[in-house]
There are 2 protein chains.
Amino acid sequence: MTEQKTLPIDSIDRAILASLAANARMSGSALAARAGVAESTVSQRLRRLHDDGYLRGFHADIDVAKLGMSVQALISIKLVKHVREEVDAFRSAAPNWPGVLAFFHTGGGDDYLLHVAAHSAAELRDFMLTYLASHPAVSHTETNLVFEHVTGRGLEQLLS
Amino acid sequence: MTEQKTLPIDSIDRAILASLAANARMSGSALAARAGVAESTVSQRLRRLHDDGYLRGFHADIDVAKLGMSVQALISIKLVKHVREEVDAFRSAAPNWPGVLAFFHTGGGDDYLLHVAAHSAAELRDFMLTYLASHPAVSHTETNLVFEHVTGRGLEQLLS
DNA sequence: AATGAAATTTTCTTAGG
DNA sequence: CCTAAGAAAATTTCATT
């Protein structure tokens, strides 16, 4: 069930991953200095880490509030049971709805969590009405405003 | 209350941010080509976007499951009321607990949500016992395993 | 599989318009 | 904001170990 077919990575790989987790734009030479290897070695490692799926990509961390999305919410969603077709439709549609930052499918029943951003409370309400209240697979929702969102140190600890 | 003191950004800034959100390692010349401006302009814009807080940083997207953390959970936490000191201690400590990927403070009561990763169910149980069950500010928790975690398109839509 | 150094290519910065 | 140009740095290649 779990993905771990490829060979385990070593301390050099972990050092490279840790550096890129902290600063994805770090140059190959800086990565090499931190990992204690040659630049050409870093090139090879990077290609392998990407090919083997350890490195999925590199993303800018952008402050959505500064772009006008000052409202964020976590929306817990329960779906109706035993309607496989509509559940699948929900799963594939939800991440594409406007303002959706993250989408979780969680255990227990047919439970989901959406992390959404909106320009205003009114826009959030419209989102709920448009995409959730009217959706045939949705049986219940619970919305909580996000006051604070902090990235944890779990990843860097794992790589250190 | 909301942060938006600096001048609004224009379509060039948005193009640069959108490109970096998709690929944080994109070169200045590639960014320039996509935004339709000169490289030197991109340098200026990047510096300003960073200085003004639109760009917080750049991070590698790493598959924690491939690193052995095959279990992920969302833990909802309710804190005891009116114990400001302990609530503050919780807030500052939680993001640093091992395996914590993200930490949300949400509205309603004193409610929090932790997104955590663990090597196994046993490690997750140990996490709960060590950091939550014994914490004086925690009154109730609810744990749900994460089956699927998808990044939404809300950000790229906002920037397009 | 990693090194180190050379060679090529690219990037960043500065200045002037 | 652009072009142009010079300096600096990065990436790739490859023979060697």
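Within every chain, numbering begins at 1; the chains are lettered A, B, ... in the order of the sequence lines, protein sequences first and strands thereafter. Computed from heavy atoms alone, side chains included, the values below leave out hydrogens, waters and symmetry copies.
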By the 4.0 Å heavy-atom rule, please label S40(A) as base, sugar-phosphate, or nothing. base
So what does S27(A) hit on the nucleic acid, given a heavy-atom distance under 4.0 Å: a base, only sugar-phosphate, or nothing? sugar-phosphate
Q44(A) CD to dT3(C) P, in whole Å, measures 9 Å
Quick one: is R45(A) getting a side-chain N or O under 4.0 Å of the dA1(C) phosphate, OP1 or OP2? no
Atom CD of E39(B) to atom P of dA8(D): distance rounded to whole Å? 18 Å
Whole Å only: how far is the CZ atom of R25(A) from the C1' atom of dT10(C)? 13 Å
Can you see if the side chain of S29(A) gets near the phosphate of dA10(D) - specifically, an N or O under 4.0 Å from OP1 or OP2? yes
Would L49(B) end up clustered with M69(A) when hydrophobic side chains under 4.5 Å apart are linked, directly or stepwise? yes
Is the distance between the ring centroids of F58(A) and F58(B) under 6.0 Å? no
Could you give the CG-to-P distance, from L31(B) to dC12(C), as a whole number of Å? 9 Å
For atom CG of L46(A) and atom P of dA2(C), their distance in whole Å: 12 Å
Taking dT3(C), dC2(D), dA2(C) as options, the one with an atom nearest any side-chain atom of V37(A) is dT3(C)
Okay, side chain of H59(A), backbone of A21(B): is any donor-acceptor separation there less than 3.5 Å? yes
Return the nearest nucleotide to the side chain of A38(B); candidates are dT13(C), dT3(D), dC14(D). dT3(D)
Once the angle between the rings of F104(A) and H149(B) is folded into 0 to 90°, is it parallel (under 30°), tilted (30 to 60°) or perpendicular (over 60°)? parallel
Touch class at under 4.0 angstrom, heavy-atom based, for R47(A) against every strand present: nothing
What is the distance, rounded to the nearest whole Å, between atom CE of M26(B) and atom P of dA10(D)? 20 Å
Test: K66(B) and D52(A) ion pair at under 4.0 Å: no
N/O (side chain, S43(B)) to phosphate O (OP1/OP2, dC12(C)) under 4.0 Å: no
